[in-house]
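So that the names make sense, note that chain A is the first sequence line, chain B the second, and so on, each numbered from 1.
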Number of protein chains: 2
Amino acid sequence: MGRAAKFDREAAVEICMHEIWRNGFEACSVKALSEKLGITRSSFYNAFGSREDLFLEVLARYFTQTPDRVLGTVDAKTPVRRLLTDFFKDVCRTRATDPDAKGCLAVNCISELVGVDETLGPVLENTVHAGIDRLEAVLETAAANGEIENDSHLREKALALQNLLIGLSVLSRVVHSEKELLSVAKQTLTGLGLYDEHSSSTSHPALTE
Amino acid sequence: MGRAAKFDREAAVEICMHEIWRNGFEACSVKALSEKLGITRSSFYNAFGSREDLFLEVLARYFTQTPDRVLGTVDAKTPVRRLLTDFFKDVCRTRATDPDAKGCLAVNCISELVGVDETLGPVLENTVHAGIDRLEAVLETAAANGEIENDSHLREKALALQNLLIGLSVLSRVVHSEKELLSVAKQTLTGLGLYDEHSSSTSHPALTE
DNA sequence: CACTTTTTGTCCAGAGGTGTATAAAAAATA
DNA sequence: TATTTTTTATACACCTCTGGACAAAAAGTG
């Protein structure tokens, strides 16, 4: 019942997310972010606590929007190869259609923060490990329902998938052609026995560069 | 016939390279680098011109030391699959044995500078494209001497190799086990038809994590 | 010694930013 | 009106840094 906040917190986090995504975390000072939001530094600190806390909020929000949400929707009946193929196609399209070619926020910040920032670095490390865990779980589902062979190397296959994802995220900063990114994904997934030929292209034909 | 420089320029570039590699370019101010070198800012500017010029010198020096030098040694008789396999093994070992897990200087700086710094960003973009070109040339050699099939998709295969390399560079910031990195490389190379089973392990058995 | 190059130190004028504290004003509700 | 929360503005004390200019000192050679 006190004064209402002047700005929409969700919208503010979204704006900060894009600034950090485009310019990197270190380049986004509290002063610069406050100005971008049209509020004073005092209001920024009152609303978000600190730049580090804001970053954690940004990360959380980012993960509600990333293509890899679908990896958490897997159940015993999910056709995993189709899901993975669709997922990587979605990643390629998302990265290729981004006008700023910003890549992936989390992957961008690995270079910047892991081994450098004692608080945020480990957060990003955990993000990568969680991603590998999730991919492994997805592969376990595939093995359980006979889609792929369980050759006791699912962890390694999950690592290779995460590597493909990370690589695409960085490569897309430089290579902007969806077709080229898709060819990388297709080749690597095919080699891992995970490419689904009949996968939906989600109603969009592959775009030419 | 004037005064001699007080410091060894090569050694200075090496020191700066490690600082930038470990902390990122933006974090390395002229003041900090000068202090690290034990010289004044004036001497820094006199010797290197600018921080951007220094960075270009650092990059050039870095590329004289990176594992991918071997890709330029290919001639018509080179067994390409062995060379590529050895190369990726070397990359995995180099990254895994780095006590700081610094990854790859050039790849680290992509996130930081591409799309952000108008001068240095394009330099790094060109580096990536040059890497793809070089891999494509290597694959053309392999096709010419019958090691692999020339299916008119060598450019795409080169892209997939570059993606593997970039992925490993970033992944190694988080995953420090050489064995795990090697498994990623092996799986992906195998899938691309480029893994050489009899490749030398360069007299070091794979280290366990 | 003269000449040259490098190093040093200082200044300029400016730029950018930090977290914390505090008081007043503003906005909302009862 | 009183109460509460948010916003604003300001101060503190400090920090960090920039490129360029310039003069003097230092170091090396002829």
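- Under the ring pair (Phe, Tyr, Trp, His ring centres under 6.0 Å) criterion, B/F87 pairs with no residue, sequence neighbours left out.
- Scanning for salt bridge (Lys or Arg N to Asp or Glu O under 4.0 Å) contacts around A/D53 gives an empty result, with sequence neighbours left out.
- Sorted by residue number, the list of members of residues 111-119 of chain B with any non-hydrogen atom under 4.0 Å from DNA chain D is empty.
- Partners of B/K36 by salt bridge (Lys or Arg N to Asp or Glu O under 4.0 Å), not counting sequence neighbours, listed by chain and number: B/E19.
- Taken residue by residue, residues 5-20 of chain A places heavy atoms nearer than 4.0 Å to DNA chain D at A/A5, A/K6, A/F7.
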Measure all distances between protein nitrogen or oxygen atoms and nitrogen or oxygen atoms of nucleotides 12-17 of chain D, and list the pairs falling under 3.5 Å.
{"residue": "D/dC17", "atom": "OP2", "partner": "B/K31", "partner atom": "NZ", "Å": "3.3"}

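- For A/R155 and A/D133, the salt-bridge test passes: some basic side-chain N is under 4.0 Å from an acidic carboxylate O.
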Listed pairs, N/O of protein and of nucleotides 23-30 of chain D, under 3.5 Å:
{"residue": "D/dA27", "atom": "O4'", "partner": "B/R3", "partner atom": "NE", "Å": "3.4"}
{"residue": "D/dA27", "atom": "N3", "partner": "B/R3", "partner atom": "N", "Å": "3.4"}
{"residue": "D/dG28", "atom": "O4'", "partner": "B/G2", "partner atom": "O", "Å": "3.4"}
{"residue": "D/dG28", "atom": "N2", "partner": "B/M1", "partner atom": "O", "Å": "2.5"}
{"residue": "D/dG28", "atom": "N3", "partner": "B/M1", "partner atom": "O", "Å": "2.7"}

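- Applying the salt bridge (Lys or Arg N to Asp or Glu O under 4.0 Å) test to A/E57 and every residue at least two apart in sequence or in another chain returns A/R9.
- Residues passing the side-chain contact (heavy atoms from CB on, under 4.5 Å) test with B/E35, sequence neighbours excluded: B/K31.
- Side-chain nitrogen and oxygen atoms of B/S42 include none within less than 4.0 Å of the OP1 or OP2 phosphate oxygen of C/dG9.
- Residue pairs satisfying the side-chain hydrogen bond (donor to acceptor under 3.5 Å, both in side chains) criterion with at least one member in residues 159-174 of chain A, sequence neighbours excluded, are listed as follows: A/N108-A/R173.
- With sequence neighbours excluded, no residue forms a salt bridge (Lys or Arg N to Asp or Glu O under 4.0 Å) with A/E156.
- Residue pairs meeting the salt bridge (charged side-chain N to carboxylate O under 4.0 Å, His left out) criterion with at least one member in residues 112-127 of chain B: none, sequence neighbours excluded.
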